[in-house]
Amino acid sequence: MDTPIILQAINLTKIYGENVIFKDISLEVHKGETIVIIGPSGTGKSTLLRCLNLLTPVDSGQIYLEGREITAHSVNQDEVRQQIGMVFQNFLLFNHLTARDNVMIGLTKVKKMPKEKALEKAMHELSRVGLADRAGHYPSQLSGGQQQRVAIARALAMDPKIMLFDEPTSALDPELIGEVLSVMAQLAHEHMTMVVVTHEMGFAREVADRIIFMEKGSIVEQGPPDELFERPQHPRTREFLWKITELYGKKEKK
Amino acid sequence: MVSKFFSYIVQGTAVTVEVTLIALPFGLMIGLIFALLYNYGGKWSTRLTGLYSLLMRGVPPIVLLFILYFFLSGQFINLTPFWAGSLALGIISSAYQMEILRGALQAVGGGQMTAARAIGMNRMQALRYIIIPQAIRLAIPPWSNEVSIVLKDSSLVYALGVPEILRRAQQLSATTQQPFLAFGAAALIYFALVFLANRGLDYLAQKTRLPAYNP
């Protein structure tokens, strides 16, 4: 892609005690790109995402957001996190706040926006995810799919430069997955810069500009969906995709 | 005769309530700070506050009361029995309140902190706007229990000569030779106080409850 690079990671390594979660991972995300990371569970995909927005510190390597090194010591990490949106597998909505307040609180308390302006912005984002009519509901009154959409609105409200999705539909009942994926597809269509970790291959194939296959803490292969799915280069990629498409009932050429 | 009798003990009620109303908030303040330090401070904060809790809860309140009283009304700090007793009860209660709040903070969950930080809040903001408001709601039922306990434990300061309900009951029992009447009246008043306090807090729990929220 020719657009400027929004996020760049260089040689990231993360170690927990004896385990190497990932080693020397480098990647770059261009503006407007949708990157989907696939791979077996436990291969460090989620940890990688949490390192990208500095929730988890890396042990070595650098991360640059729009050219600025955010892994530098002098950086105000909280301020950086305002610019990177994150959506979690178990939604993590603030339980004591309504949907509207969940979306607003970052605006009023972190960005110090005046209340009317924040309310307007919050309702705009809730409409964007199709939940304006549920603004006054509490998370416990919403379905999983609705909660996740509110979580997306909450992240969007901060006007992030890039959105990170950590297995956003893995905790959802099957019939609720679609509504979340279509919000995400819409965002991608609107040229939001996104990095998505998911097992939803259909979404990956349809929406991704580039797919990264990660296994055992390293990037095995990456490329545009058609290339990766039709002509996977690496044997492990072939094996993984074969197993996945077998699961979904579609036989692809090996 | 009976009414003068009764009114003498009832006058002690104000003192009992005062003692409780000093001990409880004092204990809450220390308990909250220590609970936050335990959960969110460093390794040493956790160890030290944990030790405090263990020690204070491992000794009978009356023993601690005497120790703290002699310290608080000694040479370095000189407080009246009323104040020394009230603050001592507050210190004892702080350990139990710390445990209640610690549990409530933990029940809110680390995920809430993660989500708060993900939208750019710093830890203080996350605690103030996200964690503590939820923790308080969870803490109300066990805290209601602690209120009952402190109300009843306030009777321990009779040993320091503070003229609260039990002390007066004791004096009355001695002068009138009617122990059942004297201590029975005291019991009734304590019961009424505890009952009212619990009812009030139950009402508060109802009012602040979130719709269908089951943590």
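Here the structure is a predicted model, which means the values were calculated and not measured. Each chain gets a letter, A, B and so on, in the order its sequence line appears, and its residues count up from 1.
A 6.0 Å sphere centred on CZ of B/R57 holds more than 12 heavy atoms belonging to other residues, nucleotides or ligands. Residue-environment remark: OH (B/Y158) stays at or below the threshold of 12 foreign heavy atoms within 6.0 Å. Around atom CZ of B/R47, more than 12 heavy atoms belonging to other residues, nucleotides or ligands sit under 6.0 Å away.
Sorted by first and then second residue, the pairs that involve residues 35-68 of chain B and meet ring-ring contact (aromatic ring centres under 6.0 Å, His included), not counting sequence neighbours, are B/F34-B/Y52.
In this structure, the separation between CG on B/N122 and NZ on A/K109 is 13.0 Å, given to the nearest 0.5 Å. One distance of note links CG of A/N95 with CD1 of B/I130; it measures 10.0 Å at 0.5 Å rounding. To the nearest 0.5 Å, atom CG of residue A/L55 and atom CE of residue B/M113 are 11.5 Å apart.
Annotation: residues 157-182 of chain A contacts chain B through A/M158 [non-hydrogen atoms, separation under 4.5 Å]. Using a 4.5 Å heavy-atom cut-off against chain B, the contacting residues of residues 73-92 of chain A are A/D78, A/R81, A/Q82, A/I84, A/M86, A/F88, A/L92.
A/H96 places no side-chain N or O within donor-acceptor distance of the main-chain N or O of B/A135, the cut-off being under 3.5 Å.
Taking A/Q62 as the reference, A/I10, A/Y64, A/E69, A/T71 meet the side-chain contact (heavy atoms from CB on, under 4.5 Å) condition, with sequence neighbours excluded.
Residue contact with chain A, scored on non-hydrogen atoms closer than 4.5 Å, involves the side chain of B/Q125 exclusively. Proximity to chain A (any heavy atom under 4.5 Å) is restricted, for B/R137, to the side chain, taken from C-beta onward.
For the residue pair B/A115 and A/F94, the shortest heavy atom distance occurs at CB-CE2, 3.9 Å. A/R154 and B/I119 get closest at one heavy-atom pair: CG-CG2, 4.2 Å.
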